[in-house]
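Below: the structure, in structure tokens.
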Protein chains: 2
Amino acid sequence: MAGTVKPRRIGPGSNIAIIAPAGPPRADRLRKGLEFLRKRGYKLRIYPQVRRKLGYLAGDDKARASALMEAFSDESIDGIFAAKGGYGCLRLLPHIDYKVIENKPKVFVGYSDLTALLLSIYNKCGIVTFHGPMAAVEFGRRLREYTVDHFFGAIEGSLLPATIKKPTGYKFEVINDGVAEGIIMGGNLSLMARMAGTGYLPSFKGRIIFLEDTEEEPYRLDAYLAQLFMSTDIKDAAGFILGEFTRTEPRYGHVKGWSAAQVLNDYFSRLHRPALTGFPCGHGKEKITIPIGVRVMLDADKKTVTFLESGVEK
Amino acid sequence: MAGTVKPRRIGPGSNIAIIAPAGPPRADRLRKGLEFLRKRGYKLRIYPQVRRKLGYLAGDDKARASALMEAFSDESIDGIFAAKGGYGCLRLLPHIDYKVIENKPKVFVGYSDLTALLLSIYNKCGIVTFHGPMAAVEFGRRLREYTVDHFFGAIEGSLLPATIKKPTGYKFEVINDGVAEGIIMGGNLSLMARMAGTGYLPSFKGRIIFLEDTEEEPYRLDAYLAQLFMSTDIKDAAGFILGEFTRTEPRYGHVKGWSAAQVLNDYFSRLHRPALTGFPCGHGKEKITIPIGVRVMLDADKKTVTFLESGVEK
């Protein structure tokens with residue numbers, strides 16, 4: 001890996017592979033999402049693997065890894081959109097041929113469980129990957145202008161560089177003030193913790209780290225952070241952008257203790273690096289599409305996040 | 001660490017420190033558990049930290065780590081029993097002085113979240129630690145003869161070596177047949193995965209690995225195993241003893257897929273090493289006390305587990 005490679009920008013007319021490297025999408029949501037993307041002018045190729053189902057997986061590891069590899073290998077495919085998250089990407093990491101992907105940079109979008117693929121591809125191939133909405137999730141439900149605009153703006157190359165505006169109802173709060181600049185990297189906290197020790201997680205050093213999660217009780221978020229603090233160089237990151245942490249209510253009658261916000265505060269306040277919360281990059285209503293691997297300026301004093309470059313080549 | 005060190009056996013008249021390195025115990029259960037242990041002739045010293053509460057923790061990291069270190073350092077203390085699990089031991093790992101513990105081997109018992117301490121102390125100090133019932137959990141509820149007998153039998157040195165008999169209602173099933181002999185090591189699967197990459201997890205090579213868990217959906221068990229398979233030498237273990245995996249029902253309306261048993265089967269059947277399920281070492285009704293670090297014979301053909309030595313010195 002010699003420096004970061006940006007994929008070529010895509011747009012109406014581009015050929016998009018739809019794959020499901022984690023869980024199986026709901027048929028109605030997939031249909032709605034595909035319809036929306038087609039209306040935007042994208043030519044979609046739905047890989048048959050998307051309709052498979054094996055337990056909570058969209059087909060076995062071989063089927064899911066093959067769909068990913070075929071989509072990257074096929075010269076006629078310009079971009080790859082994940083249908084949905086769920087669980088399953090972690091299982092694929094050893095089944096991926098990163099040498100092939102390294103030579104075929106293309107726009108690859110997803111989030112949540114997809115974090116495992118976004119980060120391992122960025123780490124092993126040096127390719128900018130995109131943390132953003134999914135075909136049978138955001139695009140398969142009620143469409144939201146903010147999410148839609150930031151998605152196409154990021155992959156079509158028309159939005160960034162830009163200072164990100166807050167969606168209505170969102171509030172940025174400061175854990176630590178200050179200003180930091182660096183390459184942005186991150187995603188789903190639980191997935192990042194589950195990559196600890198595997199060799200697929202990129203270095204955090206000097207980076208601007210963004211994190212989000214859902215359906216994880218505060219004590220679980222605590223454990224993920226404890227693991228990352230012990231097993232990685234996260235202490236040496238330049239700054240932190242914390243997204244939404246949704247559905248974190250304690251279950252099974254566990255002792256109610258710290259909230260998710262208190263847990264995050266406990267870990268990040270002690271680092272004395274700029275850290276902002278409330279960023280629209282999680283499982284909440286709105287999300288921006290983040291190109292992993294581009295330079296970003298985090299100004300916690302002004303509560304702004306500025307992407308200093310685009311994630312795609314014109 | 002030069003070979004495994006066994007702590008001296010304890011018994012009626014021994015001085016026992018009660019600490020809570022994870023969550024705060026319920027007052028009624030703690031009272032009941034202490035009463036029971038006193039009746040058995042143990043002299044208890046309840047560390048004040050046990051009554052602390054900070055969120056879901058029994059006091060801050062400093063208070064919990066200090067109680068543990070004091071209990072190990074104090075020459076007049078013969079054994080250390082955890083009051084309960086919950087969450088918090090993972091946070092303590094970097095706060096422990098393993099050099100001190102190495103020179104003060106003593107019986108240390110707990111399970112669940114305590115796995116982090118049992119394994120890090122075994123790994124860093126070479127001391128046999130005990131995966132067994134807790135003062136304000138098993139001993140604070142309805143007492144069960146099987147659990148009680150195996151506990152005192154293990155720490156007082158009267159039970160092992162022995163072939164473990166199944167409790168009533170338990171059924172051992174075979175994933176892979178065959179016979180294996182090795183040092184036993186293991187505990188709570190989620191905790192072991194959370195130790196991946198931290199440097200505190202012992203090697204799995206040539207070991208007999210036991211695993212159990214509770215309140216983890218099947219896809220989470222899958223993720224823990226995926227992480228361990230990528231980040232450790234678990235593939236080189238000699239054999240596997242799987243305990244109970246309780247309360248694994250999918251939540252949040254997740255896709256119902258594989259059961260916990262199917263997940264375990266998926267990972268362990270491909271290793272072709274002796275693997276047995278249903279062992280009484282989890283969050284179920286009965287549990288044996290397992291000295292981590294002693295030689296064990298696993299005979300999956302005969303469905304037996306034989307401890308070849310005691311975990312304590314006479």
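This is a predicted model, so every value here is computed, not measured. Lettering follows sequence order; numbering is per chain, from 1.
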What residue, out of B:Gly199, B:Ala196, B:Ser190, B:Gly88, has the most heavy-atom pairs lying under 4.5 Å from chain A?
B:Ala196
Apply side-chain contact (heavy atoms from CB on, under 4.5 Å) to A:Arg194 and B:Arg194, showing your working.
CA-CA 8 Å; A:Arg194 286 169 188 156; B:Arg194 286 168 188 158; over 6 Å; no
Which residues share a side chain to side chain donor-acceptor pair (under 3.5 Å) with B:Gln262, sequence neighbours left out:
B:Ser259
Most chain A-contacting option - heavy-atom pairs closer than 4.5 Å, from B:Leu191, B:Thr198, B:Val263, B:Thr232
B:Thr198
Anything in residues 90-98 of chain B with a heavy-atom distance to chain A below 4.5 Å? Please list those residues in order.
B:Leu90, B:Arg91, B:Leu93, B:Pro94
For B:Trp258, is there any backbone N or O sitting under 3.5 Å from a side-chain donor or acceptor partner on A:Tyr56?
no
Tell me, yes or no, whether the heavy-atom count around A:Arg144 atom CZ, taken from other residues, nucleotides or ligands under 6.0 Å, exceeds 12.
yes
Tell me, yes or no, whether the heavy-atom count around A:Lys285 atom NZ, taken from other residues, nucleotides or ligands under 6.0 Å, exceeds 12.
no
Is B:Gln227 reaching over with its side chain to a backbone N or O of A:Gly197, donor-acceptor style, under 3.5 angstrom?
no
Of the backbone (N, CA, C, O) and the side chain (C-beta and beyond), which part of B:Tyr200 lies under 4.5 Å from a heavy atom of chain A, both, or neither?
side chain
Excluding sequence neighbours, so at least two apart, what forms side chain to side chain donor-acceptor pair (under 3.5 Å) with A:Gln49?
none
Most contacts with chain A, counted as non-hydrogen pairs under 4.5 angstrom, among B:Asp266, B:Leu201, B:Leu228
B:Asp266
Side chain to side chain donor-acceptor pair (under 3.5 Å) involving A:Glu216 - partner list, sequence neighbours excluded:
A:Tyr224, B:Arg220
Check: B:Tyr219 and A:Leu57 side chains under 4.5 Å, non-hydrogen atoms:
no
